[in-house]
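Here's the structure, in structure tokens; my notes come after.
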Amino acid sequence: MMEIKLYDSKSKKIEVLKPTQEGKVSIYCCGPTVYNHAHIGNVRPMVVFDNLRRLLKAVGYDVLFVSNYTDVDDKIINEAIKESCSESEITTKYIAAYENLRLSMNAPLPDITPRVTQYMDKIIDFINKLVLNGSAYVIDGDVYFKVSSVPTYGCISNRNIQDLLVGARIEENAKKENPLDFCLWKETKVGINWDSPWSKGRPGWHTECVAMINDIFANTHVDIHGGGMDLKFPHHENEEAQAYAYCSHSLASIWMHNGMLNINNEKMSKSLNNFILGKDLVEKYGGQVVRWVMNSTHYRAPINFTDEVFTTAISELNKIYTSLKQASLKLDLINGFNSEMDSSYINKYLSCLANDLNISDGLTVLYDVIKELNSSIRVREIDAKRVSALFNSANYMLDLIGINKYTKRLSDEEKSLYYSWNEAKSNKDFAKADALRQELISKGIL
RNA sequence: GGUUCCUUAGCCAAGUUGGUAAGGCAAUUGACUGCAACUCAAUGACCGUUGGUUCAAAUCCGACAGGAACCUCCA
């Protein structure tokens with residue numbers, strides 16, 4: 001099996017993926033808090049981890065991909081109050097919207113999508129174990145995690161407790177033993193809440209993922225844990241700390257973080273009023289173009305969205321599909337399709353992707369294929385075997401990064417239309433030829 | 001204040017272990033074409049600035065300039 005190399009945020013090195021179970025890879029990716037439509041920042045991890053999932057499957061792994069929905073949160077409660085409805089009405093609505101968005105981005109749903117509300121017993125149980133083993137403490141119905149109980153605290157985000165304390169804001173919550181301690185359970189009187197040994201309340205955000213991983217995956221461990229760069233601290237740091245406190249080992253073999261997204265060189269934020277929803281962008285350009293743009297920059301680097309990058313993406317996709325369309329047409333006319341691929345191109349492509357998902361590098365291989373394809377269909381009599389292999393290879397490469405394959409085939413009627421056009425041309429009946437050409441174009445055949 | 005990261009042609013962008021820079025878009029020129037479109041070919045980089053290490057640096061080390069993220073909810 002081809003070796004997969006991925007950058008691990010914790011070791012700060014590119015590591016070879018060594019799954020705990022032979023032939024199987026487990027991935028957990030922090031999902032959205034479903035209080036609103038997903039913004040384009042949420043779209044990036046969809047794409048990045050879907051690319052990873054596709055690659056792992058392509059090289060032969062059995063992949064278990066889990067991503068949660070945070071459906072208990074202050075923002076959800078506030079939204080429910082604002083809309084005067086229940087929390088679950090809010091979350092149901094936005095989970096559906098999120099799933100639609102995923103599908104429009106050609107990112108299939110995860111294998112499992114646990115929700116906090118479904119795991120409340122497990123979460124309470126998990127917190128309780130941390131209280132019992134002394135790494136968490138209870139004050140007035142709240143439960144806090146004791147950061148000092150974990151000597152490795154800071155290992156994910158490369159911080160030390162000293163620096164964090166210096167930089168910490170003045171904490172209004174005087175109840176905590178240490179300003180860095182974070183809330184695992186919070187007593188609450190507003191909004192939805194659950195009974196617990198400590199109070200009626202709800203869990204803190206940082207504890208849900210660990211508790212769910214603990215329940216879903218064996219040994220409180222996943223091969224790959226992913227999310228946005230901004231989750232490194234405090235979210236992932238706190239997850240890791242809880243895992244250590246709970247079972248004395250790391251939560252994940254590889255911690256992957258995708259880069260952020262800027263709009264015209266500015267951070268996307270509500271205050272700057274440059275907040276773009278995923279659905280709006282998809283409506284404007286289509287999921288394929290958006291995905292192509294996201295694929296064009298390495299996943300760890302920030303992407304800057306400008307109109308120009310979308311214009312470029314449209315040109316690039318057009319060029320590729322034009323080539324595939326013409327090749328398909330030529331093959332279709334002579335029933336020249338087979339299922340072969342060019343293994344040399346494919347292997348080269350795979351090894352680019354296997355190197356920490358270097359899609360840019362991989363695209364050079366795709367462009368090589370397209371170039372050869374274009375040349376090979378311009379001859380009088382095409383080599384169907386070769387053209388087909390190139391065509392299939394390009395399609396396969398596109399699919400690996402979540403871009404649609406070209407699959408259209410001509411009907412007999414469409415074929416005869418094409419022949420009529422050729423005939424008119426050879427008869428030098430250009431008026432008729434132009435009319436037929438127009439028809440072929442409007443039918444998407446040319 | 002602390003911690004990271006980035007700066008490669010008009011634009012996007014790759015560049016594991018140092019050996020004089022992939023690719024794409026746009027542009028110009030040419031070829032092909034009934035006219036187009038498509039396609040093919042050709043044409044571009046003192047790798048932010050400046051010191052240093054080295055036979056050799058975009059790649060390592062230092063300084064400077066500019067930009068970004070995190071340290072608080074955030075993908």
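Chain letters run A, B, ... following the sequence lines, proteins first, then strands; residues in each count from 1.
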For rC5(B) versus rU39(B), give the span between their C1' atoms, rounded off to a whole number of Å. 42 Å

Does the protein touch nucleotides 29-37 of chain B at the base, only the backbone, or not at all? Give it as B, S and - per nucleotide, heavy atoms under 4.0 Å. ---B-BBB-

Describe the nucleic acid contact of L261(A) in one word from base, sugar-phosphate, nothing, applying a heavy-atom distance below 4.0 Å. base

Output the single nucleotide from rC40(B), rA13(B), rA22(B) whose closest atom is nearest the side chain of D361(A). rA22(B)

For rG48(B) and rA36(B), measure between their P atoms and round to the nearest Å. 43 Å

Write down the distance separating the C1' atoms in rU29(B) and rA21(B), rounded off to the nearest Å. 25 Å

Which nucleotide in the set rA75(B), rC25(B), rA14(B) lies at the smallest distance from any side-chain heavy atom of N42(A)? rA75(B)

Base, sugar-phosphate, or nothing for G228(A), non-hydrogen atoms under 4.0 angstrom? sugar-phosphate

What's H235(A) touching, base or sugar-phosphate or nothing? Going by heavy atoms closer than 4.0 Å. nothing

Give me the distance, rounded to whole Å, that separates rA9(B) from rU28(B) when you measure between the C1' atoms they each carry. 15 Å

With rounding to whole Å, what would you report as the distance between rC11(B) and rC73(B) at their P atoms? 38 Å

RNA chain B contacts made by residues 383-409 of chain A, counting heavy atoms under 4.0 Å: none

If you look at every strand shown and take non-hydrogen atoms under 4.0 Å, does K5(A) touch a base, only sugar-phosphate, or nothing? base

Can you tell me, in whole Å, how much space there is between the C1' of rG19(B) and that of rU59(B)? 11 Å

Classify L231(A) by what it touches in the nucleic acid, base, sugar-phosphate, or nothing, heavy-atom distance under 4.0 Å. sugar-phosphate

Could you work out the separation of rA27(B) and rU33(B) based on their P atoms and round it to a whole Å? 24 Å

Just to be sure I understand the geometry, which residues of residues 92-105 of chain A put a non-hydrogen atom under 4.0 Å away from RNA chain B? none

Could you please name the option among rU4(B), rA22(B), rA75(B) that lies closest to any side-chain atom of M260(A)? rA75(B)

Starting from the C-alpha separation in whole Å, work towards a yes-or-no answer on side-chain hydrogen bond (donor to acceptor under 3.5 Å, both in side chains) for E240(A) and H236(A). CA-CA 6 Å; E240(A) 178 79 338; H236(A) 287 167; over 6 Å; no

Give the nucleotide from the list rG24(B), rU39(B), rA13(B) with an atom nearest to the side chain of E316(A). rG24(B)

Nearest-neighbour nucleotide for the R159(A) side chain, rG15(B), rA75(B), rC71(B) considered: rC71(B)

Give a yes/no on whether any side-chain N or O of K371(A) is located under 4.0 angstrom from OP1 or OP2 of rG24(B). yes

